[in-house]
Each structure stands twice: as C-alpha cells, then as structure tokens.
Amino acid sequence: MLADARKNFPGLTFVLGNAARFNFAEPFDAVFSNAVLHWVKDADGAVASIARALRPGGRFIAEFGGHGNIATVLAALRAVLGPDADQQSPWYYPSIGEYAPILERHNLEVRNASLFDRPTPLEGQDGMEHWLRMFCQSYLSQVPPERESDIVRRLVEHLRPKLYRDGIWTVDYRRIRIVSTRAA
C-alpha cells in the first residue's frame, strides 16, 4: 500500500509507523483516519500520538468500527469456535461514551460524535467467505489448516439466515464518526 501511495502521489511523504506510538517533529493542522482505529486496541496510546501530532486548534476526524460492529459475525464466531473466540479478536469497537473520555484526557475536544449503522454489501456469491478469510485470520490461524475450509463453511452457513438476502451478502457494520479539535 505504501509503495502504491508513493507511486501515485510522489509529492507526498508516507511513513510506516505504530499507531499507538508515533511522533513527528512538526505538528499538523489535521489528522484523518478511516477504518483504522478499530484495529488499534491501545486506544489511549493512539489518541496520545494523535494529540501530540496536532497543533493547538488542529482537527482530528475519524471514522471506525463502533460498539455493535459486526455483531452477527462475532456471534457466529462464538457459536462455531466456542466462547473463547472473543480472546482472539483483533478489534476494538468502543461506544461513544467509552471513546470520548479518551479523547478528552488527551486535550481533544469532541465537537461531534455519532454512532450509526452502515450495512455494507459484499461482492459475489462467495463474498462472505472472502470477507472471513481476509478479516478473520486471527481466528482462522488458531485452527489446524486442514479444518479451515470446514470452519469457514460453517461460519458462512451460520451467517446466511441473517446476512444473506436476495443473492447479496451484507455485513452489519456500525461506525463511529468523530470530529474533535486539540485545545490550546
């Protein structure tokens, strides 16, 4: 992704780093994040890094998975893999009430926050299988390779009654959208 970004936008600088521990010499006017922060379990570290990266009055705007995101998929993972499946989750899906205090603790004033459903259709008859194989590796890597296809098949069948309609798979995404500014 970085190679593509550098090729497509040669006038910009792209840096690979840890979202929970980054620093820049000069502050920015804005930080924008889309579909990233639900992959960062160290929310406090990420917000501290973001706040350090902003000049006073700088904006932080983000959208990411919020409380209840992919609830049907998570229930299927528990049903097929057992109650310990939650321990393998790579995600952090906070509520607004949970996330706003983290922002405020790091001198970011929340100007707007919303939690909303964003049902997302997947492409093709095998859309759910592809989605599971792409995003659920932390779960699938825990099963023997010879059982992976069976587990995915069982997950797909478990999800079909709720997420498959009229030939289309739709994942039950819920998103948080945050607009905040760094206090002076």
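- R78 places no side-chain N or O within donor-acceptor distance of the main-chain N or O of A85, the cut-off being under 3.5 Å.
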*Would you please test D44 and H106 for side chain to side chain contact (heavy atoms under 4.5 Å, CB included) and show each step?*
CA-CA 8 Å; D44 199 69; H106 293 284; 3.0 Å; yes
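- In this structure a side-chain-to-backbone donor-acceptor pair under 3.5 Å is present from R52 to F22.
- Here the shortest heavy-atom pairing between E63 and R177 reads OE1-NH2, 2.5 Å.
- D86 CG to W91 CH2: the interatomic distance, rounded to the nearest 0.5 Å, is 10.5 Å.
- When each of W39, F32, Y99 is checked for a ring pair (Phe, Tyr, Trp, His ring centres under 6.0 Å) with F64, only Y99 meets the rule.
- Within 6.0 Å of CD in E146 there are more than 12 heavy atoms belonging to other residues, nucleotides or ligands.
- Residue L16 places its CG atom among 12 or fewer non-hydrogen atoms of other residues, nucleotides or ligands, all under 6.0 Å distant.
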*Show the numbers, then the answer: is there a side chain to side chain contact (heavy atoms under 4.5 Å, CB included) between L155 and Y139?*
CA-CA 12 Å; L155 286 165; Y139 298 91; over 6 Å; no
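- Ion pairing of D29 with R55 is present here, as a side-chain N (NZ or NE/NH1/NH2) and a carboxylate O approach within less than 4.0 Å.
- No donor-acceptor distance shorter than 3.5 angstrom exists from the side chain of S33 to the backbone of A62, with no hydrogens or angles considered.
- Counting non-hydrogen atoms of neighbouring residues, nucleotides and ligands closer than 6.0 angstrom, the CZ atom of R59 reaches no more than 12 such neighbours.
- Counting all heavy atoms, side chain and backbone alike, A184 lies closest to N107 at O-ND2, 4.1 Å.
- Considering every non-hydrogen atom in both N18 and R21, the closest pair reads ND2-NH2, 2.7 Å.
- Aromatic ring pairs are classed by plane angle as parallel below 30°, tilted from 30° to 60° and perpendicular above 60°; the pair F28 and F24 is perpendicular.
- Judged by distance alone, with hydrogens and angles left aside, the side-chain atoms of E148 form no donor-acceptor pair with the main-chain N or O of P144 at under 3.5 Å.
- Remark: the backbone N or O of R118 is paired with a side-chain donor or acceptor of T120 at under 3.5 angstrom.
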_Pair V143-L81, side chain to side chain contact (heavy atoms under 4.5 Å, CB included): steps then yes or no_ = CA-CA 9 Å; V143 301; L81 298 174; 4.1 Å; yes
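- Taking the charged nitrogens against the carboxylate oxygens, E157 and R154 have no contact shorter than 4.0 Å, which rules out a salt bridge.
- Checked by atom type and distance alone, the side chain of W169 never pairs as donor or acceptor with a backbone atom of P121 at under 3.5 Å.
- Residues Y164 and M134 share a hydrophobic cluster, clusters being chains of Ile/Leu/Val/Met/Phe/Trp/Tyr side chains in contact below 4.5 Å.
- Formation of a donor-acceptor pair under 3.5 Å by the R182 side chain with backbone atoms of L54 is found in this model.
- Shown here is K162, whose NZ atom has no more than 12 heavy atoms of other residues, nucleotides or ligands within 6.0 Å.
- Of all heavy-atom pairs spanning P94 and I176, the tightest one is O-CD1, 3.0 Å.
- Here OH of Y93 is found 6.5 Å from CG of L74. Values are rounded to the nearest 0.5 Å.
- V15 and I50 fall within a single hydrophobic cluster, where Ile, Leu, Val, Met, Phe, Trp and Tyr side chains are chained together by heavy-atom contacts under 4.5 Å.
- Counting all heavy atoms, side chain and backbone alike, G127 lies closest to L122 at O-CD1, 3.5 Å.
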*asked:* If you apply the rule side chain to side chain contact (heavy atoms under 4.5 Å, CB included), what do you find for V73 with L163, and how did you get there?
replied: CA-CA 9 Å; V73 174; L163 299 182; 4.1 Å; yes
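- F135 and I151 end up in the same hydrophobic cluster when Ile, Leu, Val, Met, Phe, Trp and Tyr side chains are linked at under 4.5 Å.
- Remark: L77 CG to L140 CG distance equals 8.0 Å, nearest 0.5 Å.
- Between D150 and R153, at least one side-chain N (NZ, or NE/NH1/NH2) sits under 4.0 Å from a carboxylate O, which counts as a salt bridge.
- The shortest side-chain heavy-atom distance between Q87 and S138 does not fall under the 4.5 Å cut-off.
- In this structure, CZ on R111 lies 3.5 Å from OG1 on T181, to the nearest 0.5 angstrom.
- Stacking of R175 on the aromatic ring of Y173 is recorded, both the 6.0 Å distance cut-off and the 45° axial limit being met.
- With a 4.5 Å cut-off on side-chain heavy atoms, T170 and R165 do not count as touching.
- Between D172 and A71, the shortest heavy-atom contact is OD2-N, 3.4 Å.
- The structure places CD1 of I178 at 8.5 Å from CG of N112, a figure rounded to the nearest 0.5 Å.
- Hydrophobic clustering (side-chain heavy atoms under 4.5 Å, transitive across Ile, Leu, Val, Met, Phe, Trp, Tyr) keeps V179 apart from L103.
- Connection of I61 to V40 is not established within any shared hydrophobic cluster, with ILVMFWY side chains joined at heavy-atom distances below 4.5 Å, either directly or through further cluster members.
- S89 OG to K41 NZ: the interatomic distance, rounded to the nearest 0.5 Å, is 5.0 Å.
- Crowding of H158 atom NE2: a count of heavy atoms from other residues, nucleotides or ligands under 6.0 Å exceeding 12.
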